[in-house]
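This is a predicted model, so every value here is computed, not measured.
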Amino acid sequence: MRTVLIFSVACAVAGCSIGPDYETPTMNLPDRYSLVAPVTKASPSELYWWKAFNDPVLNQLVAKGLSENLTVAEARERIREAEAVFRRDSVTPLGDLTLQARDNSDSADIGSAELDANFGVPARKQWASRAAQQRLQAAELGEAEAKRLLLSDLSESYINLRFLQSSLALRQQDLNSRQRTLRDIRTQLDAGAATRLDVLRAQALVAETRAEVPQIRSDIVAQRNRISTLLGVPVGHLGIDLGGNVAQPVPVGVGSLGVPADLLRARPDIRVAERQYAAAVSDMGVAEAARYPSLSLSGLLTAPLNGNGANAESLIAGVTVPVFSQPSLAAAEDAAAARAQQALIRWRLSVLGAVEEVENALAALAAANEASAASRELVSYNERALNLSRRLVGEGGNATVLDIIDRERSLSTARQGLARNLRDLAAAYVALRVALGVGHDTPTAEHAERVEPEPQPMQDEG
C-alpha cells in the first residue's frame with residue numbers, strides 16, 4: 001500500500017507537469033484591406049448576404065441547400081464520429097482491470113478470485129481526452145466550413161445558369177435582328193441596291209448565330225444538373241422553377257468589410273486549422289506521458305464457501321518502466337512535435353490564403369463594377385449606331401449594307417460583354433462574402449431575424 005500511495009502521489013505531480021503549454025497562434029495582419037470597392041453598402045442583412053440579389057429563387061435554393069446538401073450531411077456525421085471518439089477517450093479509468101472468480105478444483109468448499117490491474121500516468125488520459133475534445137470542436141466547425149463552400153458553389157452555379165439563359169435570350173435577339181437584316185438586303189438586291197455578296201455575308205451571320213445556340217442550351221442543362229446535385233436531389237426532381245426569362249442577379253452593394261483580423265474568428269476553415277493545431281499539441285502531451293512508468297497490481301483471494309476456515313489474500317504491486325522502448329517513445333514524441341508544427345504552418349497558410357481571397361475578390365469586384373458601367377454605355381452606343389445605319393441605308397444616305405452587318409456584330413459583342421461583366425460582378429460579390437466568412441452559420445434564408453451565437457473556443461491549459 002505504501003508503494004501504491006507513493007506512485008499515486010508521483011503520478012498526480014507528474015500529471016500537472018507532463019505535456020506542453022498550448023498558446024493560441026497569432027499572426028501579424030494589416031489593420032485594413034488594401035482595396036475598397038467603389039460600391040454602396042448593401043441594404044439586406046449582411047448575415048444573409050445572398051438577399052442582396054433580391055432573387056426569391058436564389059433564396060429558395062440556399063434554404064434547401066443548407067438543409068439537404070449531402071456534403072453538409074456528411075460533415076454532420078463526422079461530428080457524430082468525433083463525439084463518439086471523445087466519449088471513448090474521456091472515460092475516467094486510467095487502465096484495465098481484470099477480475100476472475102472460480103471454485104477450487106481440489107476442494108469444492110473453497111473459492112478464489114484473481115485481480116489484475118494496470119494503471120498509467122493520469123496525464124496521458126487527460127491529454128488524450130483534450131485532443132479528442134479539440135477534434136470534436138474541429139468537426140463541428142467543419143460543418144460550418146461545408147456550408148460556406150456550399151454557398152459558394154451553389155451561388156456560382158446559379159449565377160452561371162442565369163448568365164447562360166441571358167446569353168441564349170441575346171442570341172435569339174441577335175438572330176431575329178440578323179434575319180431582319182437578311183430580309184432587308186434581299187429586298188435591296190431585288191431593287192439593285194445590294195449585291196449577292198452582301199446577301200451571303202448576311203446569311204453567314206445568321207448561320208453563325210444559330211450555330212452558337214446548341215452549346216448554350218447544353219451548358220444550361222449542365223448548370224441545372226449541378227444545382228440539383230448540390231441540393232442533394234436527383235436531376236429532374238428539384239421542385240424549384242429554374243426557367244428562363246429572369247434577369248441576371250446583380251448585388252445591391254458590397255457591405256462592410258471589417259478588418260483582416262476578423263477572419264480569424266469568422267472563417268471556419270481557419271478555426272478548424274486552429275483546433276487541429278491544438279489537438280496536435282495535445283498529442284504531444286500523450287506522447288510525452290507514454291514515456292513515464294505505469295503501475296501494475298495483482299492479487300489473489302481465497303475463502304471457504306461454507307464459512308469454516310480462514311481467508312487468505314495476497315497483493316503484489318509493481319512499477320513498469322519503459323526502459324528499452326525509450327528510444328522509440330522519444331522518436332514518437334519528436335514525431336508528435338513535428339506534426340504540431342505542421343498543423344501550425346497549415347493554420348498560417350489558411351490565414352494568408354483567406355486574406356488573399358478577400359483582396360482578390362475586392363479587386364475583381366471593383367473591376368467588374370467598372371466594366372459593367374462601361375459595357376452599358378457600349379451597348380447603348382452600338383444600338384444607336386445600328387439604328388442609324390438602318391435608317392441611312394433605307395433613305396439612301398451615306399451608309400452601306402456592310403455597315404449594318406458590322407454594327408450587328410458589334411452590338412452582339414457588346415451585349416455579350418455586358419452579360420459577362422454582370423456575371424463577374426455577381427461572382428465577385430459572392431466570392432467576397434464567402435471569403436469574409438459570412439452566412440455559413442445561417443440555418444435557412446427564411447429566418448433572417450435569427451442570428452446564432454458565436455461558439456466560444458476552448459480554453460486550453462498546460
Just list the side-chain donor-acceptor pairs under 3.5 Å for residues 343-356, sequence neighbours left out, or say none.
residue : atom : partner : partner atom : Å
S350    : OG   : R346    : O            : 3.4
S350    : OG   : W347    : O            : 2.6

Enumerate, atom names and distances included, each donor-acceptor pair closer than 3.5 Å involving a side-chain atom of residues 417-425, sequence neighbours excluded.
residue : atom : partner : partner atom : Å
N421    : ND2  : A371    : O            : 3.4
N421    : ND2  : S375    : OG           : 2.5
N421    : ND2  : G417    : O            : 3.1

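Side-chain contact check for N69 versus L231: every heavy-atom pair is 4.5 Å or farther apart. Taking 4.5 Å as the limit, every side-chain heavy atom of T400 sits out of range of all side-chain heavy atoms of V393. Side chains of R267 and E357 form a contact here, defined as non-hydrogen atoms less than 4.5 Å apart. Using a 4.5 Å heavy-atom threshold, the side chains of D153 and L150 count as separate. Within the 4.5 Å cutoff, side-chain heavy atoms of L161 are placed close to those of I227. The closest side-chain heavy-atom distance from W50 to V430 is not below 4.5 Å. Contact of the I159 side chain with the L58 side chain is not registered, since no non-hydrogen atoms from C-beta on lie closer than 4.5 Å. Considering only heavy atoms from C-beta on, R291 comes within 4.5 Å of Q326 through its side chain.
Nearest heavy-atom pair, V57 versus D55, reported as atom, atom and distance to 0.1 Å: N-OD1, 3.0 Å. Here the closest non-hydrogen pair linking V72 and L66 is CG1-O, 4.2 Å. Of all non-hydrogen atoms in L151 and S155, the two that sit nearest each other are O-OG, 2.7 Å. For the residue pair A361 and A431, the shortest heavy atom distance occurs at CB-C, 3.9 Å. Residues D89 and S129 come closest through the heavy atom pair O-CB, 3.4 Å. Counting all heavy atoms, side chain and backbone alike, A131 lies closest to S282 at CB-CB, 3.6 Å.
Here the OH-CZ distance, from Y158 to F53, works out to 10.0 Å after rounding to the nearest 0.5 Å. Note: T195 OG1 to I185 CD1 = 8.5 Å, rounded to the nearest 0.5 Å. Atom-to-atom distance recorded for D283:CG and E333:CD is 12.0 Å, nearest 0.5 angstrom. Here the CD1-CZ distance, from I404 to R178, works out to 13.0 Å after rounding to the nearest 0.5 Å. In this structure, CG on L61 lies 6.5 Å from CG on L238, to the nearest 0.5 angstrom. To the nearest 0.5 Å, atoms CH2 (W127) and CZ (R130) are separated by 4.5 Å.
Proximity of a side-chain donor or acceptor of N176 to a complementary backbone N or O of Q172 within less than 3.5 Å is detected. Using a distance-only test at 3.5 Å, with no hydrogens or angles considered, no donor-acceptor pair links the side chain of S157 to the main chain of L154. Between the N387 side chain and the E383 main chain, a donor and an acceptor come within less than 3.5 Å of each other. At distances below 3.5 Å, not a single donor-acceptor pair connects side-chain atoms of N369 with backbone N or O atoms of L365. Under a 3.5 Å cut-off, the side chain of S152 and the backbone N or O of R148 do not form any donor-acceptor pair. Panel note: side chain S380, backbone R376; no donor-acceptor pair is recorded below 3.5 Å. Distance alone, capped at 3.5 Å, places no donor-acceptor pair between the E68 side chain and the G232 backbone. At distances below 3.5 Å, not a single donor-acceptor pair connects side-chain atoms of R171 with backbone N or O atoms of R210. Between the side chain of N160 and the main chain of E156, a donor-acceptor pair closer than 3.5 Å is present.
In N398, the CG atom is not crowded: 12 or fewer heavy atoms of neighbouring residues, nucleotides or ligands sit closer than 6.0 Å. More than 12 non-hydrogen atoms from other residues, nucleotides or ligands lie less than 6.0 angstrom from CZ of R76.
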Going through the checks in order, is the side-chain contact (heavy atoms from CB on, under 4.5 Å) test met by Q173 and R415? CA-CA 10 Å; Q173 187 176 352; R415 286 171 174 169; 3.1 Å; yes
Does the pair R186 and Q203 meet the rule for a side-chain contact (heavy atoms from CB on, under 4.5 Å), with working shown? CA-CA 10 Å; R186 281 175 172 166; Q203 289 175 328; 2.9 Å; yes
Worked verdict on D198 versus L189 for side-chain contact (heavy atoms from CB on, under 4.5 Å): CA-CA 9 Å; D198 295 331; L189 177 64; over 6 Å; no
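Remark: E77 engages R80 in a salt bridge, criterion side-chain N to carboxylate O under 4.0 Å. Under the 4.0 Å criterion applied to side-chain N and carboxylate O atoms, D406 and R409 are not assigned as salt-bridge partners.
Only one option out of R390, R180, R201 pairs with E408 in a salt bridge (charged side-chain N to carboxylate O under 4.0 Å, His left out); it is R390.
Remark: the R407 side chain and the S389 side chain contain no N/O donor-acceptor pair separated by less than 3.5 Å. Side-chain contact, R87 with S90: no donor N or O sits under 3.5 Å from an acceptor N or O. Between the side chains of Y48 and N59, no donor-acceptor pair is found at a separation under 3.5 Å. In summary, the side chains of R162 and Q165 do present a donor paired with an acceptor at a separation below 3.5 Å, with no hydrogens or angles considered. Donor-acceptor pairing under 3.5 Å is recorded for the side chains of D174 and S412.
Screening residues 216-231 for side-chain hydrogen bond (donor to acceptor under 3.5 Å, both in side chains) gives Q215-D219 as the qualifying pairs, with residues at least two apart or on separate chains.
Taking the six-membered ring for Trp and thresholds of 30 and 60 degrees, Y277 and Y22 have ring planes inclined between 30 and 60 degrees apart.
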